[in-house]
Protein chains: 2
Amino acid sequence: MTAGLFERIDRPRRLPDEIARSISEAIASGQLKPGERLPTEQSLSAQFGVARTVVREAVSLLKYDGIIDSKRGVGAFVSEPAARSAFRISAACFEKRRQLIQLLELRTGVQAEASALAAVARSQRDLTRIARYLAEMADATEEGPDYAAQRLDAEDAFYRAIAESSGNTYYVEFVGMIERNVSENLRSVAIKNAMASEWGREVLEEHRVVYQALDAGDAERARLATRNHFERAAQRLANRADIADV
Amino acid sequence: MTAGLFERIDRPRRLPDEIARSISEAIASGQLKPGERLPTEQSLSAQFGVARTVVREAVSLLKYDGIIDSKRGVGAFVSEPAARSAFRISAACFEKRRQLIQLLELRTGVQAEASALAAVARSQRDLTRIARYLAEMADATEEGPDYAAQRLDAEDAFYRAIAESSGNTYYVEFVGMIERNVSENLRSVAIKNAMASEWGREVLEEHRVVYQALDAGDAERARLATRNHFERAAQRLANRADIADV
DNA sequence: ATAAAACAGTTGTCAGACAAAAGATTTCAT
DNA sequence: ATGAAATCTTTTGTCTGACAACTGTTTTAT
């Protein structure tokens, strides 16, 4: 590791924050590439001229952000860009029912826009991939023991693929963040089964309309169809009285 | 401070993460109210049965999230809910020009949806507030030394007020997050002046159309008008070759 | 009574040590 | 020679104790 990799700080505010900022800039500028190993904490503390505890706090922040990952006995590594998410939902946001519904409402808007973008930006390759997930949803009938989970997974994959086809990474990241948060709060199997039980032919039809709009390259129709699905989904969820505040 | 405020942990994975989680749950459940002071780090380390360094890392994470705030020589305090934001954009997202444009694209979609919601949800009170910001933009002519900043501030306030009128706190938080991030990356005065110089009568007209749609309660028109403005704004920004990669 | 000085409590930082985990190396039985 | 087991080395994770910097309070001097 070269000597002057990091800018020497002159202790302005909070040391760990400055260190974290310096390291993340070293990553941003490409001096530290994904997969590469960071200097050891001892080395970093020497380079920055601070105690190891300070370096540890800084590294802890970056780990929290998913920018780096550390393994005891091995070292800390720069995460792959795919693994780090641009958006994080704060731990302060609790799993209250009303907030969950608002979050779904937000997702509705974002997902609809992603569909609109994807309608014009999607490649043929994207389209076949999206079609595959649609087929997966259709095929997931009541055979397996956890067909409910299969359906929901395929549905998530379907809309994630659409976001990816939009060509805007932020849509992908954002949808991913919401999805993670929602599925964390909805991790109860009972709830998932309840949601899946609502799954009728008409829901599959909602997805199919979205797909057709993407196929046709019709942005406006894709937007409407997507919004239609998520609004109905939110309504179905809201109507279920058995999903209480967690 | 009562004895059993926090659940005693049984050291499963990463100690600081568990501590942070435990504390944030104590806040979530209302055991620690906003403005209240946390136990001292020494006390916490005793209660959890870990070293102070571990507690410090945990507190550091929560500070990073804006959930708590600490002052040397005084203590750590639970932040007011208003001060903590639901969404955070990761430090891994750098100020590259292309990413900035993608972020604006995402904002377009979100803001358009917020307008659509606000068109039906806004109260008369909301409307007059939004009108005030519109007037502020119109009044900010070339008198003051920083009329450019005034215009941009008023514009931000205008669309923030619309998001607030939607009744969905997540839209507010999300717009706020993007706004913070964008303005951080665009903090150069030169850039702001450049953007403001593009400010013609037609831009004000774009905002006015949005307002009229909100006034009329026309969700679809509000959506279109908002999207129209942000798409044009992104285009204006993209066309400026003098805004280089930072 | 007021201003300065000492005090106590808390966070921020430092230094050194040991524990735990993973990889690299050596040893040893076959 | 070979494969497995034991040992060593490196690095992160945690612990301990100490001091520095800051703040609010109390005491003291004028």
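Within every chain, numbering begins at 1; the chains are lettered A, B, ... in the order of the sequence lines, protein sequences first and strands thereafter.
Contacts of A/E164 classified as salt bridge (Lys or Arg N to Asp or Glu O under 4.0 Å), with partners at least two apart in sequence or in another chain: A/R129. Residues satisfying the side chain to side chain donor-acceptor pair (under 3.5 Å) criterion with A/Y133, sequence neighbours excluded, are absent altogether. Scored by the side chain to side chain donor-acceptor pair (under 3.5 Å) test, A/D126 finds A/S123 as partners (sequence neighbours excluded). When the side-chain contact (heavy atoms from CB on, under 4.5 Å) test is applied to A/S60, the partners found at least two apart in sequence or on another chain are B/E57, B/L61.
For B/E18 and D/dG13, the CD to P distance is 15 Å, given to the nearest whole Å. Atom-to-atom, CZ of A/R56 to P of C/dG12 comes out at 17 Å; the value is rounded to the nearest Å. The interatomic distance linking A/E57 (CD) with D/dT14 (P) rounds to 13 Å, in whole Å. The separation between A/L44 atom CG and D/dG13 atom P is 13 Å, rounded to whole Å. Between B/Q42 atom CD and D/dC15 atom P there is a gap of 15 Å when expressed in whole angstrom units. Distance, A/F77 CZ to D/dT12 C1': 11 Å, rounded to whole Å. Rounded to a whole Å, the CZ atom of A/R37 is 12 Å from the P atom of C/dG23. In this structure, A/E41 atom CD and C/dA20 atom P are separated by 18 Å, rounded to whole Å.
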Anything under 3.5 Å between a protein N or O and an N or O of nucleotides 18-22 of chain D, put it in a table, one pair a line.
from, atom 1, to, atom 2, distance (Å)
D/dA18, N6, B/R52, NH2, 3.3
D/dA21, O4', B/R72, NH1, 2.7
D/dA21, O3', B/R72, NH1, 3.2

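With DNA chain C read from its 5' end, the first of the two nearest nucleotides for A/K71 and B/A76 is the one closest to B/A76. Nearer the 5' end of DNA chain C, as judged by each residue's closest nucleotide, is the contact made by B/T40, out of B/T53 and B/T40.
Without hydrogens or angle criteria, B/S79 side chain to B/G66 main chain gives a donor-acceptor distance under 3.5 Å.
Relative to the axis of its first five pairs, the axis of the last five pairs of the helix from C/dA1-D/dT30 to C/dT30-D/dA1 sits at 30°, rounded to 10 degrees.
In this structure, B/V175 and B/A163 approach most closely via the heavy-atom pair CG2-CB, 4.2 Å.
Counting heavy atoms from C-beta on, the side chains of B/I130 and B/F158 come closer than 4.5 Å. Between A/P16 and A/V54, some side-chain heavy-atom pair lies under the 4.5 Å cut-off.
Contact annotation: A/S70 does not reach the phosphate of D/dT11 (side-chain N/O to OP1 or OP2, under 4.0 Å).
Here the nucleotide nearest the side chain of A/A51, chosen from C/dG12, C/dC14, D/dT16, is C/dC14.
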Full working for side-chain hydrogen bond (donor to acceptor under 3.5 Å, both in side chains) between A/Q111 and A/S115 | CA-CA 6 Å; A/Q111 204 83 60; A/S115 289; 5.8 Å; no
